[in-house]
Amino acid sequence: MHELPVTERILSIALRHAAQNEATKIFSITVKVGGLTDLRDTWLQHYFDYLSKDTIAEGAKLLIIKEKALLQCGKCKTQIATTKEDVQDLKCPQCHANQGFTILSGKEYFIEEMMAE
Amino acid sequence: MRESIKLIKVKEAIQADNDALAEALRNELRKRRIFLVNLMSSPGAGKTSLLLQTAAALNKSLRVAVIEADIDSAVDTERLADSGVMAVQLQTGGFCHLDVSMVRQGLDSLDIDALDLIFLENIGNLVCPAEFDTGAALDVMILSVPEGDDKPLKYPLMFSKCDALIVNKIDYLGTGLTDFSLDVLSDRVKKLNPDIILFPLSCRTGQGMQDWVNWLSEKIGTFADLFQDRFEK
């Protein structure tokens, strides 16, 4: 639902790094997205195309990598990679606890790298 | 691949700016001895009703204000102002969540040094506000009984980030109008948030309100203890 503000941030961070690296054209931007976020990839690209008009990022592809969320069992501290859909039926593979997990990662939007010239 | 094309390692989190601003705001409010509570829910769960009653219970001992951020409407601000609660309306321009820069706008329009407790009435949805830190000392969510006990399945992030969950409209329970179960809800919420505390209550009948008000007062008291000079009579 908040693809627009997220896209604005992606563009401004990408343009800043392009300037620092004296790039004149951005071809692609790789974004890692946490497994617990509610983001729609198609809208991200749609907004990006709109916002990046007349910038050096115009036409660039957003490569979205949806990462698994990492949880930790409160009982035995085992770390478990999972998806938003699987969270509610989650059981710790080690001690079989089904409650009390803490979220270690899963709500991030992280710009990994970009291709530019 | 053309030789001029290069890979630029960016390695930057999109929320990094907002997270840093949120931490700075939390520290600043702590120094200025102002307790900020971020209140989130879907539309119609009872944010404004809860605020009216909570403010009424606390405003004898504390100076309370509300920063109202519901989308392009002043209805809630008027309701609060009519009952004597100081309230400012943020113009969020259709935004789906509050970030720290918007919270700052709200704080700037209040005389915050003349206040003890400020409620941030976040924009009514369970998705976007979950992902952005506001700089508040406490995150509180309201779920109302008619919304159903399955909401933690759909919005795990929101339920996982809150210190307290208020379950409003419990006067619906036992009426045959709903199959909502507090136990089922509690199990689902505690899956990802074992430390959360639940307050089943009804803003309409007042049932359960006192437990919530007592807990909040205690939290504010603990916060205030750090600054005894201010609160010592």
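The sequence lines fix the lettering, A, B, ..., with proteins before strands; numbering per chain opens at 1.
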Measure A/Asp89 against the heavy atoms of chain B and call it side chain, backbone, both or neither at under 4.5 Å. backbone

Under a 4.5 Å cutoff for heavy-atom pairs, which residue among B/Asp195, B/Asp187, B/Asn193 has the most contacts with chain A? B/Asp187

Under 3.5 Å side-chain donor-acceptor pair for A/Glu3 and A/His46: no

Mind ranking A/Thr102, A/Ile26, A/Asn98 by heavy-atom pairs under 4.5 Å with chain B and telling me who comes out on top? A/Asn98

Under 4.5 Å to a heavy atom of chain B? For A/Ile103 that would be side chain

Residue among A/Glu108, A/Lys25, A/Gln88, A/Gln99 with most heavy-atom pairs under 4.5 Å to chain B: A/Gln88

Considering only NZ, NE, NH1 and NH2 on the basic side and carboxylate oxygens on the acidic side, decide whether B/Asp163 and B/Lys219 come within less than 4.0 Å. no

Interchain contact, A/Thr37 with chain B, by part (heavy-atom threshold 4.5 Å): both

Less than 4.5 Å to any heavy atom of chain A: does that hold for the side chain of B/Ile8, its backbone, both, or neither? both

Polar side-chain atom of B/Gln15 near backbone of A/Lys107 as donor-acceptor pair, under 3.5 Å: yes

Are any of the side-chain nitrogens in A/Asp38 or A/Lys84 under 4.0 Å away from the carboxylate oxygens of its partner? yes

Could you check whether A/Gln45 and A/Asp49, counting side-chain N and O atoms only, form a donor-acceptor pair closer than 3.5 Å? yes

Chain B contacts, top residue of A/Phe27, A/Phe101, A/Tyr109 (heavy-atom pairs, under 4.5 Å): A/Tyr109

No-hydrogen, no-angle side-chain donor-acceptor test under 3.5 Å, B/Ser4 and A/Glu117: yes

Whatever's closer than 4.5 Å to a heavy atom in chain B on A/Ile13 counts as side chain

Any luck finding a side-chain donor-acceptor pair between A/Thr55 and A/Glu58 under 3.5 Å? no

Given the options B/Lys154, B/Glu131, B/Lys161, B/Lys190, which has more heavy-atom pairs under 4.5 Å with chain A than any of the others? B/Glu131

Select one option (side chain, backbone, both, neither) describing which atoms of A/Ile29 are under 4.5 Å from chain B's heavy atoms. neither

Under 3.5 Å, is there a donor-acceptor pair linking the side chains of A/Glu8 and A/Tyr47? no

